[in-house]
Peer 1: 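Take this structure, written in C-alpha cells, and hold onto it; I'll ask about it next.
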2 protein chains.
Amino acid sequence: MEFKISKEFIDQIESLIKANKDKELANLLQDIHFADMAEILEELDADDASYVFKILDSEQTAEILLELDEEVREKILRTLSPKEIAEELDELDTDDAADIIAELPHNKKHEVISELEDVEHAKDIVELLRYDEDSAGGLMGKELVKVNENWNVLTCVKEMRLQAENVSRVHSIYVVDDEERLKGRLSLKDLLTTSTKTPIREIYIPKVDFVRVDTEDVEVARIMQKYDLEAIPVVDEMGRLVGRITIDDIVDVIKDEADKDYQLAAGISQDVEADDSIWQLTRARLPWLILALLGGFVTVHVLTSFEGAMAEHGKLFFFTPLIAAMAGNVGVQSSAIIVQGLANNTLSGSIFKRLLKELSLSLFNGFILATILFLGSYFLLGIDIQIAEIVAMALISVIIFASLIGTFIPIVLNKYGVDPALATGPFITTSNDILGTLIYFTLAHIVLGGF
Amino acid sequence: MEFKISKEFIDQIESLIKANKDKELANLLQDIHFADMAEILEELDADDASYVFKILDSEQTAEILLELDEEVREKILRTLSPKEIAEELDELDTDDAADIIAELPHNKKHEVISELEDVEHAKDIVELLRYDEDSAGGLMGKELVKVNENWNVLTCVKEMRLQAENVSRVHSIYVVDDEERLKGRLSLKDLLTTSTKTPIREIYIPKVDFVRVDTEDVEVARIMQKYDLEAIPVVDEMGRLVGRITIDDIVDVIKDEADKDYQLAAGISQDVEADDSIWQLTRARLPWLILALLGGFVTVHVLTSFEGAMAEHGKLFFFTPLIAAMAGNVGVQSSAIIVQGLANNTLSGSIFKRLLKELSLSLFNGFILATILFLGSYFLLGIDIQIAEIVAMALISVIIFASLIGTFIPIVLNKYGVDPALATGPFITTSNDILGTLIYFTLAHIVLGGF
C-alpha cells in the first residue's frame, strides 16, 4: 500500500515542469500523500522543487513542508514571501508551526509572525517559541480539549465539539479548575459511555500523569513509554495546563536519541546522513579520527620506549595489534551495555557491585580467550612457549582493565551530567589501545627482564 | 510526578511480607501505577514477588504482568495455576494476552486457553497465536471499532458504544462491507462533528492506510512513522479487516530495533541487559571476542611473514597498532552511516555512486590525517623521514580501503537479505585490522625492498 517513487515518475514530473504543464502536473500529484510528496520534492533539484511546491494545493503544502528534510525546506522557504509562509503556518498545529518558525533567519521570523492571520494561533506560536527545543515546552502543542470541573457533561460535550474543530487528534479530555490548574481527565471512552447529565466534577479521574514545561525531552519520552501514554498534558510552574505532547512527537525523540547514540558509538558526531555533503560528513567524522590518531601517537611512543626488546624478543611486537584490538572490543562491549542501561533506566545497584560483576565476567571470558590464544600461538603459530605465556597473561590482564574502564567511564560521565554515549566508540578503543599496549609490554619487561 | 522506588520503600514491603501483614501491604500498594508495581516486583526476590502479586487486586495484576521483565514474569507465572493465569488474561487485550501465552511452556498453553472465560476473547487469542511474532499479525490486537458501510450514523453510534466497551483506546472507526473487507475509515473528529442522520457510505473516507498480516514489524513501524499514524488496520490476504496495530506497540519495535543495532555495533549479540546473569552476558559477548581473536591470529601471521624487516626497519612495527586502529575506526564510521541509511530508507542512488563519494571523502580525510601523521612522526617522534613517508602513505591507502569496505559490505549484506548491522563492530574492525596491516607492510616492502 506504500507509494514507491520510481525513476520514471521523477522523469515524468521533470518533463512536465520543463513543458510548463502545470495543470497536468497538479492532476498527477493531487492524490499523493504529503509524506510521499516530501520524498518526491527531495529527489528534485531546488528550482524544480519550488516550482512543484507552488503548484500544489495549500492544504497539502503545509504538511509537506513539515515532512521535508531541513535543508530542502530551507531552500523552498527562501523562495516564499513572509506572507506565503504565514499562510502555510496557519494550516499547521502550533507545535509544528513553531518548529518551522524557529528555523527561519532572525529578521524573517518577525515578518512571518506578523503575517499570521489567526491571532490566537499566533499568540500560541509565540508562546511556544520561548521554550527550549529539548524540553517538554519545546515539544508540546497548544491544541487540546479541556473542560472546566464546574461544567456538566452537556456543556462539556458542546464545548468539546467546538474545541475539537481545532484539534486533529483528540486523545484525552483534560479537566481544569477556574484558575486553569490541571485537575484530572475524562477518557474518550467515558465520554462515549456516560449519560450526558452527570456533572464533570463527579466523573473525572483525578489521577493524571503530567510533565512540567521544563522536563527534558528524553525524560518525557521515558515517562510516556513507561506508562504507555499516547498523550501527556504539560503544566507550568503553577500547575496550570499549558499544552500537551502526543506520542508521534515522542517517536521522533526516541528515534533521534537512538540514532545519536549509535553514531557516537561509531565515532560520528552531529546528526549526519549518508546523503549529506562531503563537507558535513567530514565535520562529523574527522575530529574523531584525529583523536584516534593522537592516541595512536601515544601507542607508538609506548612501543618506542620498549625498543630494547626488539633485538632479542622481536616476536612480542607481532602481538601488539591483537592485544590492542581485544582491549578495544572488550571496552566497547562493556561501555555499550552501561550506556544502554543508563538510557533505559534499568541499572540498579552500586558502582562497586557493577564493577565486581564486570570483573568476574572478564576473568571468565579472559581465561577462555587466553587459553585459545596460548594454544594457538604455541601450536599453530609456533611461538616460543615463554612468549606465548606472556601474551596469554597479558590478554587476561588487558581484558580485565579494558572492561573495568568501559564500565567505569560511562557511569562517571553520567554522574557529572555528561552524555555517557560519548565514552563509547573511538574514545574507549583509543584509550584501551594505549593501556593494552602498556600493560602488555610492562608485563613482558617484568617477566623477560633486561630491555 | 513519576514514582521513584526508594530502598526504604522496598525494605518496608519486605518487612510487611515477613510479618504477614497482608492488609497493610495491600493498602500501601493500592494506588501505585502498574508500571511502577512491576519495577517494585523486579526488585524483590522471587518468593516475595509472588507473595505480593497474590495480594494485589486482580485488575491491577494483569497489567503488572504485562510490564514485568520476561524472567520475573516467568517466575511468577510458575506459581500460578492455569485457571489463575486465565483470569489474568481475561483482563488483557488480545494482543497482550497472546504475547503472554506464547511465552508459556507448551503443555501449560493449552490448559490456560481452555480456562479462558470469554469464548470470543479466547478465539481471538488463539487466532493471534498463529502469526509470526515479528509480523503485523503478531503485533496486532483484535480490539477495534468497525462499522458496516450500509449502516447509518445512528446505528453506527449505537454499535460503537457497544464495541467501545471492549476497546480501551479508540483511534479510528473502520468501515467494512458485508464481506468484512476494509473499505475506509471514519475519524473520531468526524464522529464528534457530524449529524447523526447521515448514512455511513456517504461520509466515510475511502482512503485508508493499512498493512497485511504478513508485513514485517520493522516495515509496519516505518510506515506508521512515515505517515504519522497512531493506529493502522491490518487486513488478510483477501482484504478482510482482521486487527489493528497501535503506536505504543510500534514504539517498542522501534526501541528494540535500535537497541539491537546498537548492540551489534558494539559486538554484543542477543538482547542482553546490564542486569542479566554472567552466563547470559558471556553468551552474548564471547563469540564476538573469539571472532576478534581469530582475526588477531591472522594479523600475527601477516606480521610474522614480514619478520625480515625487523633487523633493519624495526620501527615499522611501532606503527602497526596505529594503522590498524585507524582502519578500524574509519571502517566503523562508514558502515554505521550505511546501516542507518538502510534502516531509515534514506539511501538513494547506486552502489557505484556511493562508493565514489566515500572515495572522495576518504581521500580528503586521509590526506589531512596523513599530513598530521607525517609531521608528528618526523618532528615529534623523531622517526626517519623515509619511514614517516611510508607510514603516511600507508595511512591514506588504508583509510581508502577501510572506508570502501565499510560502505560495500553492509550494502551487499542487505541485498542478500542479511541484517547489515552484523557488518558493523568487531566484524569490520577485525577485517580492517588484517587488511590495514597487510597494506602497510606490503607498501613498506615495495618501498624499502629487501625483506
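Here is the naming used below: chain letters follow the sequence lines, and residue numbers restart at 1 for every chain.
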Peer 1: Has the side chain of N432(A) got a donor or acceptor atom that lies under 3.5 Å from a matching backbone atom of G328(A)?
Peer 2: no

Peer 1: Only pairs of heavy atoms separated by less than 4.5 Å count here; which of F319(B), F317(B), W288(B), F297(B) has the most with chain A?
Peer 2: F297(B)

Peer 1: What part of I368(B) lies closer than 4.5 angstrom to a heavy atom of chain A: side chain, backbone, both or neither?
Peer 2: side chain

Peer 1: If you count heavy-atom pairs within less than 4.5 Å of chain B, which of V298(A), I278(A), T215(A), V332(A) leads?
Peer 2: I278(A)

Peer 1: Under a 4.5 Å heavy-atom cut-off, does chain B meet the side chain of E63(A), its backbone, both or neither?
Peer 2: neither

Peer 1: Is a side-chain N or O of K357(B) found less than 3.5 angstrom from the main chain of A274(A), in a donor-acceptor match?
Peer 2: yes

Peer 1: Taking side chain as everything from C-beta outward and backbone as N, CA, C, O, which of these in T304(A) sits under 4.5 Å from a heavy atom of chain B? Side chain, backbone, both or neither.
Peer 2: both

Peer 1: D275(B): what forms a salt bridge (charged side-chain N to carboxylate O under 4.0 Å, His left out) with it, not counting sequence neighbours?
Peer 2: R354(A)

Peer 1: Could you check which of N329(A), L322(A), L289(A) has the highest count of heavy-atom pairs closer than 4.5 Å to chain B?
Peer 2: L289(A)

Peer 1: Examine whether an atom of I254(B) lies under 4.5 Å from a heavy atom of chain A, and if so say whether it belongs to the side chain, the backbone or both; otherwise answer neither.
Peer 2: side chain

Peer 1: For chain A, find which of D69(B), V272(B), D276(B) contributes the most heavy-atom pairs closer than 4.5 angstrom.
Peer 2: D276(B)

Peer 1: Shorter than 4.5 Å, heavy atoms on both sides: which option in I372(A), I250(A), T282(A), I268(A) has the most such pairs with chain B?
Peer 2: T282(A)

Peer 1: Side chain, backbone, both or neither: which part of K207(B) has a non-hydrogen atom closer than 4.5 Å to chain A?
Peer 2: side chain

Peer 1: Hey, does the side chain of Y440(A) reach the backbone of A324(A) with a donor-acceptor pair shorter than 3.5 angstrom?
Peer 2: no

Peer 1: Does a donor on one side chain sit under 3.5 Å from an acceptor on the other, for E230(A) and T246(A)?
Peer 2: no

Peer 1: Counting heavy-atom pairs under 4.5 Å with chain A, which one of S334(B), P426(B), A343(B), S335(B) comes out on top?
Peer 2: S334(B)

Peer 1: Taking the six-membered ring for Trp, are the ring centroids of Y227(A) and F34(B) within less than 6.0 Å of each other?
Peer 2: no

Peer 1: So which of T320(B), I338(B), T299(B), V251(B) has the largest heavy-atom pair count under 4.5 angstrom toward chain A?
Peer 2: V251(B)

Peer 1: Contact part of Q333(B) toward chain A, heavy-atom cut-off under 4.5 Å: side chain, backbone, both or neither?
Peer 2: both

Peer 1: Is V330(B) in contact with chain A via its backbone, its side chain, both, or neither, using a 4.5 Å heavy-atom distance?
Peer 2: both

Peer 1: Does a side chain donor of either S403(A) or S362(A) reach within less than 3.5 Å of an acceptor in the other side chain?
Peer 2: yes

Peer 1: Within the 4.5 Å heavy-atom criterion, are L229(B) and I247(B) side-chain neighbours or not?
Peer 2: no

Peer 1: Less than 4.0 angstrom from a charged side-chain N to a carboxylate O is my criterion; do K255(A) and D259(A) meet it?
Peer 2: yes

Peer 1: Which atoms of E257(B) are under 4.5 Å from chain A, going by heavy atoms: the side chain, the backbone, both sets, or neither?
Peer 2: neither

Peer 1: Does any backbone or side-chain atom of S377(B) lie under 4.5 Å from a heavy atom of chain A? Answer side chain, backbone, both or neither.
Peer 2: both

Peer 1: State plainly whether the residues E67(A) and K226(B) are in salt-bridge range, i.e. N to O under 4.0 Å.
Peer 2: no

Peer 1: Only pairs of heavy atoms separated by less than 4.5 Å count here; which of E273(A), E42(A), H301(A), E307(A) has the most with chain B?
Peer 2: E307(A)

Peer 1: Which of the residues L162(B), I337(B), I323(B) is involved in the greatest number of heavy-atom pairs with chain A at under 4.5 angstrom?
Peer 2: I337(B)

Peer 1: Which one of G436(A), A311(A), G376(A), A258(A) has the most heavy-atom pairs closer than 4.5 Å to chain B?
Peer 2: G376(A)

Peer 1: When you check the gap from the basic side-chain N to the acidic O, do E358(A) and R285(B) get nearer than 4.0 Å?
Peer 2: yes

Peer 1: Of the backbone (N, CA, C, O) and the side chain (C-beta and beyond), which part of L381(A) lies under 4.5 Å from a heavy atom of chain B, both, or neither?
Peer 2: side chain

Peer 1: Regarding Q263(A) and Q340(B), do their side chains bring together a donor and an acceptor under 3.5 Å, going by distance alone?
Peer 2: yes

Peer 1: Please rank L281(B), T429(B), D433(B) by heavy-atom pairs under 4.5 Å with chain A and give me the top one.
Peer 2: L281(B)

Peer 1: Ring pair (Phe, Tyr, Trp, His ring centres under 6.0 Å) with F306(B): which residues, sequence neighbours excluded?
Peer 2: F441(B)

